[in-house]
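Note that the structure is a prediction, hence the values are computed from the model and not measured. So that the names make sense, note that chain A is the first sequence line, chain B the second, and so on, each numbered from 1.
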Amino acid sequence: MDKKQKTNSYSRKDDTQLVLDFQARDEGAFDALVSRYMDMIFNLCFRILGDYDDANDCAQDTFIKVYKNLDDFRMKSGFSTWIYRIAVNTCKNHLSSGANKARRKTLSLDANEKNDKRVIDIEDSSGDPVEVFEKSEMEKVIRQAIESLPGEQRILIVLRDIEGRPYDEISSITGIKIGTVKSRIARGREQLREMLEGVF
Amino acid sequence: MNCKKVKPLLYSYVENGLSAEEKSLIKAHILKCAKCKRELAYIKKYKKNLESLAEVKAPKNFLLEVRERLEEPSPIRKIINMIFLPWQVKLPVEAAGLIAILFLVNFLIKAPFDVAPEYNAKYAFEEQKKEIPAADMKQPELSKRKKPKDAIVASNKISTPQAKSVIAPPPAIEMNRSSIETFDNKILEKSVTYEISMLIASEPKKSMNDEKLAGPGKSAEYEESKPESIKDADRKSELKSSAKSEETGKKIQESGPQPGTIEKIKYITRASRGRILKIEYSKETNLPLFVILEIPAKNHTAFIRKLHGVGLFRDSSSYAKDRDIVILKISILYSK
């Protein structure tokens, strides 16, 4: 079986099978899981942290933790919920770390421009340059508004309003009760409204 | 339904999270309430914009970077690898470190310690040697047990290299504790006894110098020398190097030592910063049998030199130079 065929065979397998294959010492199964989830996890980390390099570090940390603990994964919850949980906790730790706090104090405009440039580089299907520019400016404002939220609220807003996760899954990912999840999300939305009402 | 109840449900209304009944009630309220209508419009835009945010993709080499990090040793493993370096690297490094530490320790502990007493005594003696005038270099060699006539020979050995060793201490002495019964043990412990047997002439005193001039085997007539003082004794030792001295013959028959012999010994002892410890007299003749005295080791040579002026050395034990104080026992013998 050549490499392409092998890749295709992995892509047909669901998460559970890939986990079982990995636990049976198939390293290719782990590579398949990484390929499947790397964009989702990277995007989640970027939305929470607001910085491309930080998101890359946290995303890599997430998959390294997955690799080290995958042998003990008993699939009580879905693999996506499990990996999201790891990613969210990794981002939480990064947000609360001293290095991150110092970096955020000296965050320069250049860094924001660098992040925006990367966003613009993402392929946009609209085609109209004006629309692309307006869209990128809107995204910049939204991203900055989300970054201004406290860490806990920011994660919940990202999971609910950007990722579209249901409340019960968010509760499972974060380990917070559903009622508390809803109240914190409502509080976060109120704060975002004050910043975004004149923009939309 | 009023605004207070409707407002919290608007997000769920947009997300289709309400029942059909709740939906219809909210819809009816919105038609009548402009404020809630504006709120609903905002919520719809908010949801639309956030959900349409472009997905940020991971870097293309993301999987490769993850693999590289997985193959990288952990920080603990790195430390272990550093500690347990290959022996080819570790041994030279540790050897260099050990040598450096030894140098440092050696440098630090090389303090100016007090010189050992033996060292002091040795160099004190050496200094003493330097101070002695050239004339005194002609002392008989006391390191060997010589008979009286040897003293003459010894005095002729001035130019030999051994002459220098004349100043060297006499042969090692033997501890003779039994003869110092009354002494304090403390003194005995810190001193070494040095024994001399002196021949005190009962006839006119024979000076060392006279004997030399007379030469071995010759009988000499001696003239009684001038009353001898300690200063004369010193002067006499200086005259030993002179080629001539007058010989006078006059026999003085005496049954005992010259008057003042003990006094001379006492004086020499005091001059050498020593002290008389004991004088033993014969019960029968009431003549002094021996004198025990102590002097500083550094003054020993000068003391012996002066003592030669008092009488003839018959025998002496060897001298141990590793003490600060010397205790001498001078046994007095009487010539007929």
Side-chain angles (χ1 to χ4, degrees), chain A residues 27 30-35 37-47 52-53 55-57 59-64 66-68 115 118-125 132 135-136 138-139 141-143 145-146 157-158 160-164 166-167 182 185-186 189 192-193 196-197 199-200, chain B residues 1-19 22-23 26 30 33-78 80:
Chain A
E27 290 288 325
F30 175 76
D31 293 349
L33 286 168
V34 173
S35 301
Y37 282 93
M38 66 184 189
D39 288 335
M40 273 189 274
I41 298 300
F42 187 91
N43 189 61
L44 173 67
C45 295
F46 180 78
R47 292 300 170 198
Y52 190 89
D53 294 324
N56 193 23
D57 291 340
Q60 289 184 16
D61 290 343
T62 299
F63 284 101
I64 288 168
V66 166
Y67 182 89
K68 289 180 179 177
N115 287 334
R118 289 201 180 98
V119 173
I120 292 169
D121 285 345
I122 296 163
E123 192 177 313
D124 193 294
S125 57
V132 170
K135 199 173 181 183
S136 67
M138 182 73 73
E139 284 180 358
V141 171
I142 292 170
R143 183 166 52 78
I146 292 171
I157 291 291
V158 168
R160 178 63 183 170
D161 293 340
I162 298 176
E163 297 275 330
Y167 286 110
K182 287 181 178 178
I185 288 173
R189 285 168 175 168
L192 285 174
R193 184 194 168 85
L196 298 174
E197 193 170 13
V199 177
F200 297 143
Chain B
M1 255 189 159
N2 57 25
C3 294
K4 205 174 178 180
K5 287 182 181 178
V6 168
K7 198 177 174 186
L9 299 174
L10 286 175
Y11 275 94
S12 299
Y13 177 79
V14 171
E15 292 165 354
N16 286 321
L18 296 175
S19 63
E22 285 172 326
K23 269 186 185 178
I26 289 170
I30 288 169
C33 179
K35 194 177 176 183
C36 291
K37 193 175 182 179
R38 276 197 303 276
E39 184 72 19
L40 183 64
Y42 164 80
I43 291 171
K44 284 181 178 179
K45 284 179 186 176
Y46 169 83
K47 291 294 287 183
K48 183 186 173 187
N49 280 294
L50 263 64
E51 287 171 1
S52 64
L53 283 173
E55 187 183 69
V56 179
K57 291 188 180 295
K60 289 179 182 175
N61 59 345
F62 183 84
L63 177 59
L64 191 64
E65 286 179 4
V66 170
R67 275 293 174 190
E68 283 175 0
R69 282 185 63 180
L70 284 170
E71 287 166 11
E72 201 178 83
S74 65
I76 296 170
R77 175 56 57 184
K78 282 180 185 174
I80 292 170

Inset, instruction - Identify which part of A/Ile142 has an atom lying under 4.5 Å from any heavy atom of chain B, answering side chain, backbone, both or neither. - result: side chain
Inset, instruction - Mind checking the CD-CD spacing from A/Gln60 to B/Glu65? Nearest 0.5 Å is all I need. - result: 4.5 Å
Inset, instruction - Under 4.5 Å heavy-atom distance to chain B, tell me which part of A/Ala59 shows up: side chain, backbone, both or neither. - result: both
Inset, instruction - Please confirm whether A/Arg193 makes a cation-pi placement over B/Tyr42, using NZ or CZ under 6.0 Å from the six-membered ring centre and within 45° of the ring normal. - result: yes
Inset, instruction - Heavy-atom pairs under 4.5 Å with chain B are the metric here; pick the option from A/Ile157, A/Val158, A/Ile162 that has the most. - result: A/Ile162
Legend entry - Any side-chain heavy-atom pair of B/Phe62 and A/Ile41 under 4.5 Å: no
Legend entry - Rounded distance [0.5 Å steps], CG in B/Asn49 versus CG in A/Asp161: 11.5 Å
Inset, instruction - Please round to the nearest 0.5 Å and tell me the distance separating atom CZ of A/Phe63 and atom CG of B/Leu63. - result: 9.0 Å
Inset, instruction - Under 4.5 Å heavy-atom distance to chain B, tell me which part of A/Glu27 shows up: side chain, backbone, both or neither. - result: both
Inset, instruction - Work out which heavy atom in A/Phe42 is nearest to a heavy atom in B/Pro59; give both atom names and the distance. - result: CE1-CD, 3.7 Å
Inset, instruction - Could you tell me which portion of B/Glu68 (side chain, backbone, both or neither) has an atom closer than 4.5 angstrom to a non-hydrogen atom of chain A? - result: neither
Inset, instruction - Would you give the length of the straight line joining atom NZ of B/Lys47 to atom CZ of A/Arg189, rounded to the nearest 0.5 angstrom? - result: 5.0 Å
Legend entry - Atom of A/Tyr52, atom of B/Lys57 and distance for their closest heavy-atom approach: OH-O, 3.8 Å
Legend entry - Euclidean distance, A/Glu163 CD relative to B/Glu55 CD, rounded to 0.5 Å: 8.0 Å
Legend entry - Region of A/Tyr37 that comes under 4.5 Å of a non-hydrogen atom in chain B: neither
Legend entry - Proximity breakdown for A/Leu44 and chain B, heavy-atom pairs closer than 4.5 Å: neither
Inset, instruction - Could you pull out the closest heavy-atom pair between B/Ala54 and A/Glu139, with the gap in Å? - result: N-OE2, 3.3 Å
Legend entry - Approximate separation, where rounding is to 0.5 Å, of A/Tyr167 OH and B/Glu15 CD: 5.0 Å
Legend entry - Top contributor to chain B contacts, counting heavy-atom pairs under 4.5 Å, from A/Ile146, A/Val199, A/Leu196: A/Leu196
Inset, instruction - Check whether any side-chain heavy atom of A/Arg47 lies under 4.5 Å from a side-chain heavy atom of B/Leu53, and answer yes or no. - result: yes
